[in-house]
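All heavy atoms count here, side chains included; hydrogens, waters and symmetry mates do not. All values derive from a computational prediction rather than experimental measurement.
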There are 2 protein chains.
Amino acid sequence: MRKKTSTNALNEKLINDSCGMARALSILGGRWKPAILCRLNHGTMRYGELKKSIEGISERMLVNQLRELEDDQIIERIVYPEVPPRVEYRMTDLGKTMNPLLKAMSDWGNMHRIEVGDPVEDLNINCKV
Amino acid sequence: MRKKTSTNALNEKLINDSCGMARALSILGGRWKPAILCRLNHGTMRYGELKKSIEGISERMLVNQLRELEDDQIIERIVYPEVPPRVEYRMTDLGKTMNPLLKAMSDWGNMHRIEVGDPVEDLNINCKV
DNA sequence: CAGAATCCAATACGATACTG
DNA sequence: CAGTATCGTATTGGATTCTG
């Protein structure tokens with residue numbers, strides 16, 4: 001399996017020390033993974049679409065995070081043998097089982113916006129899990 | 001507010017771009033936070049107890065992660081004016097609202113142990129949310 | 001189009017020593 | 001007991017350039 005970021009690798013070591021939380025976090029705790037999962041939850045997307053829709057992400061990180069999610073079998077990568085190349089990403093069945101979890105995270109975050117100190121209004125939220 | 005780790009700080013920038021997921025992750029996505037929250041979910045604990053119970057954590061990181069959780073008002077720190085000093089940590093009311101989320105994470109992680117490639121049996125799980 | 005490779009600055013983190 | 005302070009290394013992640 002591909003080497004993960006150290007944070008995640010270390011979380012994996014913690015799995016037996018604490019509980020399933022660390023395991024879940026090791027999968028979706030990456031820097032850009034919430035953004036990716038939010039989008040793929042809506043359906044299949046191409047590499048370029050993801051890149052455009054996730055403002056500020058570098059190609060390096062987009063590929064990196066996609067690969068980690070792929071290794072964890074949360075998403076899958078579909079390559080069409082065409083020229084120019086076309087690659088699509090979508091949730092796997094396992095990925096779809098994360099839906100209640102993604103929803104719980106999203107709900108909590110949206111619910112407790114004020115308490116956690118985000119003064120910005122609801123205007124720009126463009127992604128609901 | 002205290003400066004967060006860059007991962008979390010950057011996630012906060014993503015909040016308006018994606019959704020509540022990033023907000024939730026910015027709070028519980030830290031390296032040792034699952035371990036801490038797992039333990040404080042059981043009840044109040046002293047600094048030293050946390051340190052002993054979380055194997056491998058350095059004092060630097062324990063304090064760091066506790067402070068971040070405190071800043072986010074997920075846990076609170078109670079100092080008893082005694083000698084020798086005694087400090088206890090416990091969930092705040094806001095922290096307790098994370099319980100469904102923590103449980104969802106834990107459940108998913110425990111459920112999908114095999115798929116995500118953890119061959120270790122259930123023996124050492126000492127913390128259920 | 002969808003990446004891969006490389007370079008470099010910023011961060012995170014552990015170890016250790018010290019303190020009220 | 002419950003931390004702080006400091007140091008050094010490892011890792012991260014952005015920018016840029018290159019390619020089938």
> For B:Lys52 and D:dA2, what is the distance between atoms NZ and C1' respectively, to the nearest whole Å?
Replying inline: 13 Å

> In whole Å, what is the span from the CD1 atom of A:Ile57 to the P atom of D:dG13?
Replying inline: 10 Å

> Rounded to the Å, how far apart are A:Arg31 CZ and C:dT11 P?
Replying inline: 12 Å

> Quick one: are B:Leu28 and B:Ile74 in side-chain contact, heavy atoms under 4.5 Å?
Replying inline: no

> Quick one: does A:Met91's side chain get under 4.5 Å of A:Leu37's, heavy atoms only?
Replying inline: yes

> Roughly, in whole Å, what's the span from CH2 in A:Trp32 to P in D:dT12?
Replying inline: 16 Å

> Between A:Glu88 and A:Thr44, is there a donor-acceptor pair closer than 3.5 Å when you use the side chain of the first and the backbone of the second?
Replying inline: no

> Rounded to whole angstrom units, what separation is found between the CE atom of B:Met61 and the P atom of C:dA15?
Replying inline: 12 Å

> Can you give one letter per nucleotide of nucleotides 2-9 of chain C, 5' to 3': B if a protein heavy atom sits under 4.0 Å from the base, S if only from the sugar-phosphate, - if neither?
Replying inline: SBB-B---

> Mind checking what makes salt bridge (Lys or Arg N to Asp or Glu O under 4.0 Å) contact with B:Lys52, not counting sequence neighbours?
Replying inline: none

> Any sub-3.5 Å donor-acceptor pair from B:Ser106's side-chain atoms to B:Lys103's backbone N or O?
Replying inline: no

> Just how far, in rounded Å, is P of D:dT4 from CG of B:Leu62?
Replying inline: 11 Å

> Any link between A:Val79 and A:Ile75 through a network of hydrophobic side chains (Ile, Leu, Val, Met, Phe, Trp, Tyr) touching at under 4.5 Å?
Replying inline: yes

